[in-house]
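A short worksheet on the structure shown next.
Hydrogens, waters and symmetry mates play no part in the numbers below; they use all other heavy atoms, side chains included. One-based numbering, in listed order, for ligands and for the atoms of each.
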Amino acid sequence: MSSKPLVVFTPSGKRGYFEKGTSILQIARQLGVDLDSVCGGRGICSKCQITPSYGEFPKHGVTVSADALSEWNKVEERYNDKRGLAKGRRLGCQACVQGDVVIDVPAESQVHKQVIRKDASVRPVKMNPATRLFYVEVAEPDMHEPSGDLERLKKALKEQWGIGDVELDFFQLNKLQKTLRQGNWAVTVAIFKDHTATRSSIVEIWPGLYEKGIYGLAIDLGSTTIAAHLTDLKSGEVLKSAGLMNPQIRFGEDLMSRVSYSMMNPGGDKEMTKIVREAINSLAEQLTAEAAIEKKSLVEVVFVCNPVMHHLLLGIDPVELGQAPFALASSNSIEVSASDLDLSNMNSSGRCYILPCIAGHVGADAAAVALSEEPNKSEDLVLVVDVGTNAEILLGNKSKVLACSSPTGPAFEGAQISSGQRAAPGAIERIEIDNNTKEPRFRVIGCNLWSDEEGFTEATRKSGITGICGSGIIEAVAELRMAGLMDESGLIGSAEATGSSRCIPEGRTYSYVIYDQSDENGPLISVSQNDIRAIQLAKSALYAGARLLMDEMKIEKVDRVVLAGAFGAHISSKHAMVLGMIPDVPLDKVQSAGNAAGTGARIALCNISSRSDIEEMVGKIEKIETAIEPKFQEHFVAANAIPHKLDSFPELSKVVNLPKVHFNIGSDNKKRRRRRKL
Ligand code: FES
């Protein structure tokens, strides 16, 4: 048995024998235990708090006596008097080992803690931020040994933290001398370490011990909306989130129209770059103001975006992305400073990381979904679909991952739909049609009641019933099919053929009326034949993309489906399958991953090693280009039927019995026209 005391750490289980008098912080460092420190053991930052346990620990084979650690020293007493240490806590840099001891490292003292997310379906984020704070005491200048303040700061960083070759931005050099003197030769520096471990740079310097924390933004830069999450780089907690419409919409709703705008208008790309950067600046301003943090403490941003947004953010003309072979300026990840992107509402030396793009049509947003959902680690074959204006599709498992992008258009978001609208209070988001009466009931955003429940009218008086959002239109079309009001080819039947007076003529076709207040100058909300065509085009593109990947993988079925994207979170799996948006799997094998691209951005922001992971994964993902693949068209045509012309849906038929109806619109109308003539 060793004469040296045994130190056991929980929860890591790491253990070792150490000389009496060694501080717990030193021991933790030697054992590689994750114990934080900003002040380097000077007893001023309190980040190294630990909880010693006393008594019998048969599991660890130790008995811990009351004097296993050195007594409280003056530093701890002073800290306790000033700030208070929770009962049972010690400062790891002050408490020294005297006998066998079990030390618990509480979550808040771990640098690499796991941040448990409220949504259990999304994996936890492990903290390992690229930018961290270091407190250093710098030697004062000496006339007999002349050296610059920066050189002495670098020397102190090397000696006190082992950080060598650190760069300093010109902006920071400007204020270095003042800050060092203000802090009486003690400063806290925020240092960004590149994930390839080749470069460190000083992002900010504060006088003395800076304790207010540093923050980052995880930004999902979409073609329609921009969502930003202000995240604490120590705890991983999202303090505030905000979103706004992408102002580039005025140059074109979809990506290709923005590329065309750039082609047709010299300098158009610059205009779009300018306004998107301004939008990001305004989000940064709003979030820092709401969270009451200073702008210079906002030190990092991670962006996920599609290739066109990627180029426009970086100030690169996206013209090459508009034509085959869809070459990206760079598919690798990109790291630049905030000032390079004109982000003035954050630390100008702060770093911006943009995830790698998978291909000219499959962007950093798809890479972020891959980072969040990890198809490359899946035992079973998983199909991950991020539904938006374009659907990003990943298919794979541990051995191989394929990716493509499919042009679904904006119909799934409620756009180009006669009664369509964006998801907002008053929009119909759920709908059911009774198989016998053919009567609908529905729910709108902002109200938990169904339309046939008591109190619905009062509860929706303020919002009104204004239209149908993306998830609502999917349910509506699928319900029309399930209720026998629409046939496999997507035709809505006439009132005579269906037995429902809600099927009203509209030109040569029919619409199904969901809600009619037109007599009182209110809205008439219906699903028209054109709406169904738009949904058919969107879902066929999505399904054809998935089938193309399945062909490439030489498989006929997948094991599970993950629906990502804000929209994916609201789609009912049953309705999606009735529509034939996704391949047939048992319904409980369809999961929603929420905003997986946003989660991927957060993971890359909080955990620097995930940046290497995704870069490696993207390098291995095989890209399939739907636009030039002849089989895509074949799959697209077959997928037009609802759910599908050729593919059977055995799992779906276990739970849903689709009526075999067939409508012939032309003849119904002809009959009516003939009758009128009589
Ligand atoms: Fe800073 Fe212990 S390391 S107080």
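Of all protein heavy atoms, the one closest to atom 4 (S) of ligand 1 is Ser46 N, 3.1 Å.
Among the backbone and side-chain atoms of Cys45, no N/O/S atom is found under 2.8 Å from atom 2 (Fe) of ligand 1. For atom 1 (Fe) of ligand 1, the set of nearby N, O or S atoms under 2.8 Å includes none belonging to Cys48. At a cut-off of 2.8 Å, Cys93 coordinates atom 2 (Fe) of ligand 1 through an N, O or S atom.
In this structure, Gly43 counts as a contact residue of ligand 1, since one of its heavy atoms falls inside 4.0 Å of the ligand.
Under a 4.0 Å criterion applied to the non-hydrogen atoms of Ile44, ligand 1 contributes the atoms 4 (S). Close approach of ligand 1 to Ser37 is summarised as follows: ligand atoms under 4.0 Å from at least one heavy atom of the residue are 3 (S). Atoms of ligand 1 lying under 4.0 Å from any heavy atom of Gly41, numbered from 1 in the order shown and given with element: 3 (S).
Inspection of the His195 and Glu335 side chains reveals no N or O donor paired with an N or O acceptor under 3.5 Å. Counted by atom type alone, Tyr135 and Glu137 present one or more donor-acceptor pairs between their side chains at under 3.5 Å. Under 3.5 Å, the side chains of Ser378 and Arg560 contain a donor-acceptor pair of N or O atoms.
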With salt bridge (charged side-chain N to carboxylate O under 4.0 Å, His left out) as the criterion, how do Lys295 and Glu285 come out once you've worked through the C-alpha distance, each side chain's angles and the decisive distance to 0.1 Å? CA-CA 8 Å; Lys295 284 177 187 167; Glu285 179 162 43; 3.7 Å; yes
Evaluate the salt bridge (charged side-chain N to carboxylate O under 4.0 Å, His left out) criterion for residues Lys175 and Glu204: first the C-alpha distance (whole Å), next the side-chain angles of each, then the deciding distance (0.1 Å), finally the verdict. CA-CA 10 Å; Lys175 58 184 187 192; Glu204 185 57 62; 2.6 Å; yes
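Salt-bridge check for Asp165 with Arg199: failed, with every basic side-chain N at 4.0 Å or more from each acidic carboxylate O.
Neither the backbone nor the side chain of Val38 has a heavy atom within less than 4.0 Å of ligand 1.
No donor-acceptor distance shorter than 3.5 angstrom exists from the side chain of Arg602 to the backbone of Gly598, with no hydrogens or angles considered.
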